[in-house]
Asks: 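Below is the structure I would like to discuss, written out as structure tokens.
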Amino acid sequence: EYFPGGQPPAGSLASTQLLALLMGTAGTGKTMCLKAAIDRLRVRGFDGVVVAAPTGVAADNVGMGARTLHDLLKLHRAHPTSGAPQPLEGEDQTTLVRDLEGVGLLVVDEVSMVSRDMLAMISRRLQEWRRLKHDSVNARRMFGGVSVILAGDFGQLPPVRKPPTHTLLHQGFVGGD
């Protein structure tokens, strides 16, 4: 996979799921921090990093080979009325397994544009990927056991076509009154 001999060192990023939030206002160096962290991981032999963003413009801005979340995780395959992700079939399954091969860390930039529905879809799609790889242990874990860094500025753009109650920081979602 992504470590010599196939086994990550005990206590490494690959053996422990990291769930992190990197926040800051515009111009504070979030993208520079992400790039430095990813470069450092790659220098240490961890190549299983994929970077994504909610829109093509956001993916282009972050660079690092970023793709849109919809393209990477095939989020376009959703139930027409509920919006729940539909299980993938055929070429979509093959592409998902190929594109996520060896992934241990997903970095999502411009997270302010991600609704809580989309975040749940991301988790479910990563769980589906683990099932397709016959990894029943990680298929039951949040985000399929993949480490996730969410980066952005919640003072910027909210999720597209979603009411304010669907943002990740809405008080009803984060435990407020």
Side-chain angles (χ1 to χ4, degrees), residues 1-3 6-8 10-22 34 37-38 41 46-56 58-59 62 64-152 159-162 165-170 172-175:
E1 302 245 25
Y2 40 80
F3 283 98
Q7 289 297 320
S12 73
L13 180 62
S15 64
T16 304
Q17 186 181 26
L18 168 74
L19 300 173
L21 184 61
L22 175 63
L34 284 175
I38 291 168
L41 286 168
F46 187 88
D47 293 324
V49 180
V50 65
V51 182
T55 68
V62 73
M64 298 183 282
R67 294 169 58 184
T68 67
L69 288 163
H70 282 79
D71 177 54
L72 177 67
L73 299 172
K74 311 299 174 228
L75 298 181
H76 62 278
R77 299 272 308 164
H79 190 274
T81 54
S82 72
Q86 296 288 87
L88 298 178
E89 300 172 340
E91 184 62 31
D92 283 337
Q93 275 186 350
T94 304
T95 302
L96 182 75
V97 170
R98 182 192 66 228
D99 289 354
L100 295 180
E101 184 63 37
V103 167
L105 173 64
L106 169 65
V107 176
V108 179
D109 199 23
E110 299 298 347
V111 72
S112 69
M113 291 189 277
V114 174
S115 70
R116 54 189 193 187
D117 296 333
M118 181 182 277
L119 193 63
M121 287 174 64
I122 292 166
S123 184
R124 286 194 292 267
R125 189 63 83 211
L126 290 169
Q127 290 168 332
E128 179 181 0
W129 167 63
R130 292 294 194 179
R131 283 190 297 278
L132 291 170
K133 297 206 32 105
H134 308 289
D135 182 348
S136 60
V137 172
N138 282 313
R140 291 188 298 268
R141 295 177 71 194
M142 183 175 14
F143 299 109
V146 173
S147 292
V148 177
I149 298 175
L150 303 176
V160 178
R161 291 185 292 202
K162 294 287 183 180
T165 55
H166 284 244
T167 67
L168 294 178
L169 285 185
H170 185 266
F173 183 63
V174 293

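Residues take their numbers from the sequence shown, with the count starting at 1. For the numbers below, each heavy atom of this structure counts, side chains included, while hydrogens, waters and symmetry mates do not.
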Asks: Which heavy-atom pair separates Pro54 from Val114 by the least distance, and what is that distance?
Replies: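 Here Pro54 and Val114 meet closest at CG-CG2, 3.8 Å.
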Asks: Hey, could you give me the CG/OG1 distance between Leu73 and Thr68, rounded to the nearest 0.5 Å?
Replies: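 Rounded to the nearest 0.5 Å, the CG-OG1 separation comes to 9.0 Å.
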Asks: Between Glu110 and Thr55, does the side chain to side chain contact (heavy atoms under 4.5 Å, CB included) criterion hold? Intermediate values first, please.
Replies: CA-CA 9 Å; Glu110 299 298 347; Thr55 68; over 6 Å; no
Asks: State, to 0.1 Å, how close Lys74 and Leu88 come at their nearest heavy-atom pair, and which atoms those are.
Replies: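 Closest approach of Lys74 to Leu88: CB-CD2, 3.7 Å.
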Asks: Out of Leu150, Val51, Val49, Leu72, which residue meets the side chain to side chain contact (heavy atoms under 4.5 Å, CB included) rule with Leu106?
Replies: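 Single pass found, and it is Leu72.
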Asks: Short question: side chain of Gln17, backbone of Met142 - any donor-acceptor pair under 3.5 Å?
Replies: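 Present.
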Asks: Charged N to carboxylate O under 4.0 angstrom, Glu101 versus Arg98?
Replies: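 Looking at Glu101 and Arg98, the cut-off is not met.
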Asks: How far apart are the closest heavy atoms of Ala59 and Ala66, and which atoms are they?
Replies: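 Nearest pair, atom of Ala59 first, then Ala66: O-CB, 3.5 Å.
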Asks: Can you find a heavy atom in the side chain of Met121 that is under 4.5 Å from one in the side chain of Leu69?
Replies: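 Result no, sub-4.5 Å side-chain heavy-atom pair not found.
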Asks: Give, for atom NZ of Lys133 and atom CG of Leu96, the distance between the pair rounded to the nearest 0.5 Å.
Replies: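 These two atoms lie 10.0 Å from each other.
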Asks: Between the side chain of Ser147 and the main-chain N/O of Leu105, is any donor-acceptor distance below 3.5 Å?
Replies: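 Not a single qualifying donor-acceptor pair exists.
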Asks: For the residue pair Leu75 and Met118, establish whether any side-chain heavy-atom pair is separated by less than 4.5 Å.
Replies: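 Result yes, sub-4.5 Å side-chain heavy-atom pair found.
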Asks: Should the heavy atoms of other residues, nucleotides or ligands under 6.0 Å from NE2 of His76 be counted, would the total exceed 12?
Replies: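 For His76, atom NE2 is crowded (more than 12 foreign heavy atoms under 6.0 Å).
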Asks: Is it the case that the side chain of Ser123 and the backbone of Leu119 share a donor-acceptor pair, with hydrogens and angles ignored and the cut-off at 3.5 Å?
Replies: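 No.
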Asks: Is there a side-chain contact between Arg125 and Glu128 in this structure, where contact means two heavy atoms from C-beta onward sitting under 4.5 Å apart?
Replies: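 SC-SC contact between Arg125 and Glu128 confirmed.
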Asks: Does Ser136 offer a backbone N or O that forms a donor-acceptor pair with the side chain of Arg140 under 3.5 Å?
Replies: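 Here the side-chain-to-backbone pair exists.
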Asks: Heavy atoms, side chains only, cut-off 4.5 Å: are Asp99 and Arg67 in contact?
Replies: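 With C-beta onward as the side chain, the pair touches.
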Asks: Do Leu126 and Leu100 have side chains that approach each other closer than 4.5 Å (heavy atoms only, starting at C-beta)?
Replies: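 Answer yes - side chains close enough.
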Asks: Mind checking whether Asn138 and Trp129 have side chains closer than 4.5 Å, heavy atoms only?
Replies: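 Counting from C-beta outward, Asn138 and Trp129 never come under 4.5 Å.
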